[in-house]
Number of protein chains: 2
Amino acid sequence: MKKTILAFSLLILALLLLFQFSKYSIVTGNAEIEIIFAVIAIVFFVVGYVIHKKSLTQKHMGQGDIDNDKIKALDISDREYEVLQLIHEGLSNKEIGEKLFLSESTIKTHVSSLLVKLNAKRRTQAIQIAKSQHII
Amino acid sequence: MKKTILAFSLLILALLLLFQFSKYSIVTGNAEIEIIFAVIAIVFFVVGYVIHKKSLTQKHMGQGDIDNDKIKALDISDREYEVLQLIHEGLSNKEIGEKLFLSESTIKTHVSSLLVKLNAKRRTQAIQIAKSQHII
DNA sequence: TTTGCTATCATACTAAAGTACCAAAGCTTT
DNA sequence: AAAGCTTTGGTACTTTAGTATGATAGCAAA
């Protein structure tokens with residue numbers, strides 16, 4: 001965020017300099033007016049392009065990102081959430097256990113409580129609900 | 001797509017008129033040079049903003065759309081694809097059967113061949129693979 | 001018509017998934 | 001220290017999921 005502020009400060013500074021240079025050039029007759037127009041047009045075109053890109057990146061983050069508040073609201077613990085992510089990746093309980101160095105029993109316990117908390121009957125349904133709630 | 005071409009044609013025309021108007025204003029001394037700069041800057045800022053917005057919208061469509069060619073390439077039949085979609089929605093084989101008016105046996109057959117064609121071991125993995133291949 | 005393909009369904013089986021209940025270790029908070 | 005919490009793990013059980021195999025019906029191309 002600090003980088004963004006710095007970058008925009010520098011950008012505004014550069015634009016002011018461009019303006020001043022343009023005026024000076026016209027007064028001294030060192031540049032064609034069309035060229036100055038073109039430079040300004042190109043610069044602001046790029047600025048507009050980049051700004052929308054940035055805003056949309058943030059928006060995209062907001063859409064695709066996980067809703068941590070929702071996870072807490074659903075009372076899902078850290079471990080349970082880890083298991084949920086691995087379910088989402090298509091792993092079996094056994095594979096999840098191996099990945100987290102836990103027994104299959106423990107995974108089953110976590111999965112069962114996940115299903116209750118997500119109000120799902122199956123792990124596939126849990127994936128769907130989790131996605132609709134933006135917690136995955 | 002035709003609308004896009006038309007819109008951009010009109011936009012370019014407007015910009016040319018703006019340029020001509022600017023030059024004329026300077027010659028006749030009817031406008032301040034700063035105002036013309038500002039107008040050009042604003043217009044091109046908006047143009048850059050809108051163009052990026054459009055490009056990203058199209059990109060987003062491309063990501064979310066299904067790749068029908070891929071489905072054919074994987075040799076997935078219509079029925080199998082229907083089953084795949086319902087698996088994705090989190091339904092059990094029995095529920096899928098009831099929804100499609102088929103026996104659970106038939107669904108199992110379809111699911112099995114889907115798993116082979118998608119090179120998946122489980123239905124949850126099939127969902128993941130299908131999504132990564134943009135067929136869901 | 002014969003061949004080949006798909007869709008359908010069944011049986012029988014194995015393998016996961018999920019439930020219920022219990023229990024102990026570890027950790028905070030009171 | 002005792003109470004309360006999560007995490008972990010086990011046993012025993014039921015329910016889904018998935019595999020293997022075979023069989024029938026329909027439909028389209030050779």
Side-chain angles (χ1 to χ4, degrees), chain A residues 66-133 135-136, chain B residues 66-133 135-136:
Chain A
I66 51 172
D67 187 348
N68 287 85
D69 295 331
K70 197 88 194 182
I71 297 175
K72 283 168 196 158
L74 290 171
D75 196 34
I76 293 174
S77 71
D78 291 353
R79 265 305 199 213
E80 286 166 357
Y81 187 69
E82 280 186 281
V83 172
L84 179 59
Q85 285 176 313
L86 295 176
I87 288 175
H88 179 226
E89 289 176 20
L91 302 190
S92 68
N93 290 336
K94 194 179 171 187
E95 288 169 338
I96 295 171
E98 286 165 0
K99 201 154 212 166
L100 298 180
F101 303 105
L102 297 175
S103 77
E104 196 186 338
S105 268
T106 306
I107 306 303
K108 283 188 178 185
T109 305
H110 289 320
V111 171
S112 279
S113 59
L114 267 173
L115 294 181
V116 171
K117 289 172 182 178
L118 287 171
N119 197 29
K121 289 175 188 165
R122 282 164 292 282
R123 49 172 53 211
T124 47
Q125 199 181 0
I127 294 170
Q128 264 307 101
I129 293 171
K131 265 186 293 187
S132 72
Q133 302 282 304
I135 64 176
I136 227 176
Chain B
I66 52 171
D67 187 349
N68 286 84
D69 295 330
K70 196 88 195 183
I71 296 174
K72 284 168 196 160
L74 289 171
D75 197 35
I76 293 173
S77 70
D78 290 354
R79 266 302 201 210
E80 286 165 355
Y81 187 68
E82 281 186 282
V83 172
L84 179 60
Q85 286 177 313
L86 296 176
I87 287 176
H88 179 226
E89 289 176 19
L91 301 190
S92 68
N93 290 336
K94 193 179 171 188
E95 288 169 338
I96 295 171
E98 287 166 358
K99 201 154 213 166
L100 299 180
F101 303 105
L102 298 175
S103 78
E104 195 186 339
S105 269
T106 306
I107 306 303
K108 282 187 178 185
T109 306
H110 289 319
V111 171
S112 279
S113 60
L114 267 173
L115 293 181
V116 171
K117 289 172 182 177
L118 287 171
N119 197 31
K121 289 174 190 166
R122 283 165 291 283
R123 50 172 54 209
T124 48
Q125 201 181 0
I127 295 170
Q128 265 306 104
I129 293 171
K131 266 187 292 187
S132 72
Q133 303 282 304
I135 64 176
I136 229 177

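Per chain, numbering begins at 1; letters A, B, ... match sequence-line order.
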**Report entry** Shortest non-hydrogen contact between B:Ile136 and B:Leu84, atoms and distance
**Finding:** CD1-CG, 3.9 Å

Query raised in the report: Taking all non-hydrogen atoms of both residues, which atom of B:Asp67 and which atom of B:Ile135 are closest, and how far apart?
Result: O-CG2, 3.8 Å

**Report entry** Straight-line distance of A:Glu89 CD to B:Thr124 OG1, nearest 0.5 Å
**Finding:** 10.5 Å

Query - Base versus backbone protein contacts along nucleotides 7-29 of chain D [heavy-atom cut-off under 4.0 Å; B, S, -] - result: SBBBB-----BBB----------

Report summary line: What one should report as the nearest heavy-atom pair of B:Tyr81 and B:Ile71 is CE1-CD1, 3.5 Å

Query raised in the report: What closest approach, in Å, do B:Gln128 and A:His88 show between heavy atoms, and which atom pair accounts for it?
Result: CG-O, 3.0 Å

Query raised in the report: Taking side chain as C-beta onward, heavy atoms only, is A:Leu91 less than 4.5 Å from A:Glu98?
Result: no

Report task. Going by the side-chain contact (heavy atoms from CB on, under 4.5 Å) test, name the single residue among A:Arg123, A:His110, A:Glu82 that passes it with A:Ile87. Result -> A:Arg123

Query raised in the report: How close or far is atom P of C:dA16 from atom CD of A:Glu95, stated in whole angstroms?
Result: 9 Å

**Report entry** Check: A:Glu80 side chain, A:Ile76 main-chain N or O, donor-acceptor pair, under 3.5 Å
**Finding:** no

Report summary line: Terminal axes of the helix from C:dT1-D:dA30 to C:dT30-D:dA1 (5 end pairs apiece), angle rounded to 10 degrees, sit apart by 40°

